[in-house]
Colleague: 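Have a look at the structure that comes next, please.
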Amino acid sequence: MKDAEELEKIRTELVQLSRLSLLGKERDVQVFIRRLANRYKQLSPEFADNLTRLLREANSQSSVLRGAAVEAIPVDLDSRLQLARPEYPVHLDFEPHWEPVLQEALEQLVSERMREEELYKENLHPTRTALFTGPPGVGKTLAARWIAHRLERPLVLLDLAAVMSSFLGRTGNNVRNILDYAKGLPCVLLLDEFDSIAKRRDDDTEVGELKRLVTVLLQEIDNWPGKSLLIAATNHKELLDPAVWRRFEAIIEFGLPSLGDVRRTVDLYLGDLGKQWGAILATTLQGLSYADIERLIRRARREAVIQRTPFDVKLRKIIHDRVGNLRKTERTDLALNLIEAGLSQREAHEWTGVSRDTIRKHQDVRS
Ligand SMILES: Nc1ncnc2c1ncn2[C@@H]1O[C@H](COP(=O)(O)OP(=O)(O)OP(=O)(O)O)[C@@H](O)[C@H]1O
Ligand SMILES: [Mg+2]
């Protein structure tokens, strides 16, 4: 075949393949790829091998979800809406960096699952239930996704706040159905906003049925089988009475990011833009959560585009606003940190409004 003809044929096939993919016709896409692999077996064996491997990998991945488990996704009887949709495979946009202590705890959860045979031999079992606690936006949900990603298991998410607030008599059944479903599937089950069960326990309205539901939930946690990992996440550990959080086999605390992690996060969201702002932004944004940092920088980027304003101007505004919210002593601290991050005394004064005299005095104390 002439080159031009061949090229034309490939183009037509690409369009066909794109259409099938966009329509979500997984089976047709697979058939199509298999045919391609056959056709190129002689002409380009390496290319054909690559395609065959892709097919094999895709099949072994989706087999986790295939069969009974997927068909049994519980639905609400009235609305027929799926109550919890498993996410699989779990894809992460970036590889998160965890504080060393946290990293160790999370790795332990993953390794126990990966090497559960070794544990069973010693009459032990992998950790079945874990409670993630910490302020908003510090990576609890991300960590649950990361674990599912590492284990190549589906993530099933149940937002308890939503479930509890839409309490309609059948909620109890719905929750039970989801728990039963998650028990039967090797997955990571995330019970998000776990403290909402505590908040509602003291509520006078609908007490009876809700109390029963909470009791069931706690019993389920007590007797959680080993097949899947149950993770509960809460911003308010203090709202859970100790009897509740003692039920979990592991309690993992998430904290605000350290200066190094703030810097990494700032750089991640700045991308190639405004690289020279990394150190000063990180110093200024220390004390905020990952989520706050992400929100501020993304908003600055959007505003810069829509308002046709240089990105620098928007970054300056972030720093200015943040300084405006600090107390005097915090501003002095910031001024000193900025100097440590490489700014001159004059620049630190300009950014923070702290007089150079004060800066000098505190510099003496620090050194
Ligand atoms: N270690 C990390 N490195 C980089 N980004 C992170 C990290 N942890 C969290 N983030 C980012 O911060 C945002 C919030 O994270 P996440 O939703 O996991 O927080 P959370 O603790 O579950 O918050 P909430 O209590 O509000 O549910 C996400 O966009 C996430 O990507
Ligand atoms: Mg969360």
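Along the sequence shown, residues are numbered consecutively beginning with 1.
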Colleague: Mind listing the closest non-hydrogen atom pair of F132 and K140 along with its distance?
Modeller: CD2-O, 3.6 Å
Colleague: Search all heavy atoms of R150 against all heavy atoms of M114 and return the closest pair with its distance.
Modeller: O-CE, 3.4 Å
Colleague: Quick one: does R316's side chain have a donor or acceptor within less than 3.5 Å of a partner on F311's backbone?
Modeller: no
Colleague: Does the side chain of W277 pick up a donor-acceptor pair with the side chain of D312 at under 3.5 Å?
Modeller: yes
Colleague: Test your reading of the model: is there a side-chain donor-acceptor pair from E193 to the backbone of A233, 3.5 Å cut-off?
Modeller: no
Colleague: Counting C-beta onward and ignoring hydrogens, is there a side-chain heavy-atom pair between C187 and Y181 closer than 4.5 Å?
Modeller: no
Colleague: Would you give me the side-chain donor-acceptor pairs under 3.5 Å for residues 44-51, sequence neighbours excluded?
Modeller:
{"from": "N50", "atom 1": "OD1", "to": "R53", "atom 2": "NH2", "distance (Å)": "2.9"}

Colleague: Return yes when atom CD of E104 has more than 12 non-hydrogen atoms of other residues, nucleotides or ligands closer than 6.0 Å, and no otherwise.
Modeller: no
Colleague: Taking atom CZ of R299 as the centre, report whether more than 12 heavy atoms of other residues, nucleotides or ligands fall under 6.0 Å from it.
Modeller: no
Colleague: Please lay out, stage by stage, how W245 and T133 fare under the test side chain to side chain contact (heavy atoms under 4.5 Å, CB included).
Modeller: CA-CA 10 Å; W245 55 264; T133 71; over 6 Å; no
Colleague: Do L142 and L191 belong together in a cluster built from hydrophobic side chains that touch within less than 4.5 Å?
Modeller: no
Colleague: So with a 6.0 Å cut-off around CG of L23, is the heavy-atom count from everything else above 12?
Modeller: yes
Colleague: Could you verify whether a donor N or O on one side chain and an acceptor N or O on the other, from E107 and Q103, lie under 3.5 Å apart?
Modeller: yes
Colleague: Can you name the nearest heavy-atom pair linking I221 to T129, along with the distance?
Modeller: O-CG2, 3.8 Å
Colleague: Under a 4.0 Å threshold between the charged nitrogen and the carboxylate oxygen, would E118 count as salt-bridged to K121?
Modeller: no
Colleague: Could you check whether S344 and E347, counting side-chain N and O atoms only, form a donor-acceptor pair closer than 3.5 Å?
Modeller: yes
Colleague: For F194 together with F248, are the ring centres under 6.0 Å from each other?
Modeller: yes
Colleague: Can you name the closest pair of heavy atoms from V262 and P257 and give their distance?
Modeller: CG2-O, 3.8 Å
Colleague: Of R308, K314, R298, which is the lone residue that meets salt bridge (Lys or Arg N to Asp or Glu O under 4.0 Å) with E303?
Modeller: K314
Colleague: Are L334 and E330 close enough, and set up right, to give a side chain to side chain contact (heavy atoms under 4.5 Å, CB included), and what steps lead you there?
Modeller: CA-CA 6 Å; L334 175 61; E330 292 171 325; over 6 Å; no
Colleague: Kindly give the heavy-atom pair with the smallest separation between E220 and D180, and that separation in Å.
Modeller: OE2-OD1, 4.5 Å
Colleague: Classify the side-chain pair T127/E112 by whether it contains a donor and acceptor separated by less than 3.5 Å.
Modeller: yes
Colleague: Please test R34 against L55 for side chain to side chain contact (heavy atoms under 4.5 Å, CB included), starting from the C-alpha separation and ending with a verdict.
Modeller: CA-CA 8 Å; R34 185 155 299 124; L55 280 175; 3.8 Å; yes
Colleague: If you take all heavy atoms of S228 and A182, which pair is closest and at what distance?
Modeller: OG-O, 2.9 Å
Colleague: Salt-bridge test for D321 and K317: reply yes if a basic N is under 4.0 Å from a carboxylate O, no otherwise.
Modeller: yes
Colleague: Do T309 side-chain atoms and V305 backbone N/O form a donor-acceptor pair below 3.5 Å?
Modeller: no
Colleague: Apply side chain to side chain contact (heavy atoms under 4.5 Å, CB included) to R176 and L179, showing your working.
Modeller: CA-CA 5 Å; R176 265 174 232 126; L179 294 179; 5.6 Å; no
Colleague: With a 3.5 Å distance limit and no angle check, can you tell me whether H149 reaches the backbone of H91 through a side-chain donor-acceptor pair?
Modeller: no
Colleague: Got E87 and L155 here, is their nearest side-chain heavy-atom distance under 4.5 Å?
Modeller: yes
Colleague: Are E95 and W146 close enough that a side-chain donor and a side-chain acceptor fall under 3.5 Å?
Modeller: yes
Colleague: Classify the side-chain pair S21/S18 by whether it contains a donor and acceptor separated by less than 3.5 Å.
Modeller: no
Colleague: Give me the other members of the hydrophobic cluster that I339 sits in, counting Ile, Leu, Val, Met, Phe, Trp and Tyr linked by side-chain heavy atoms under 4.5 Å, directly or via other members.
Modeller: L336, V354, I359
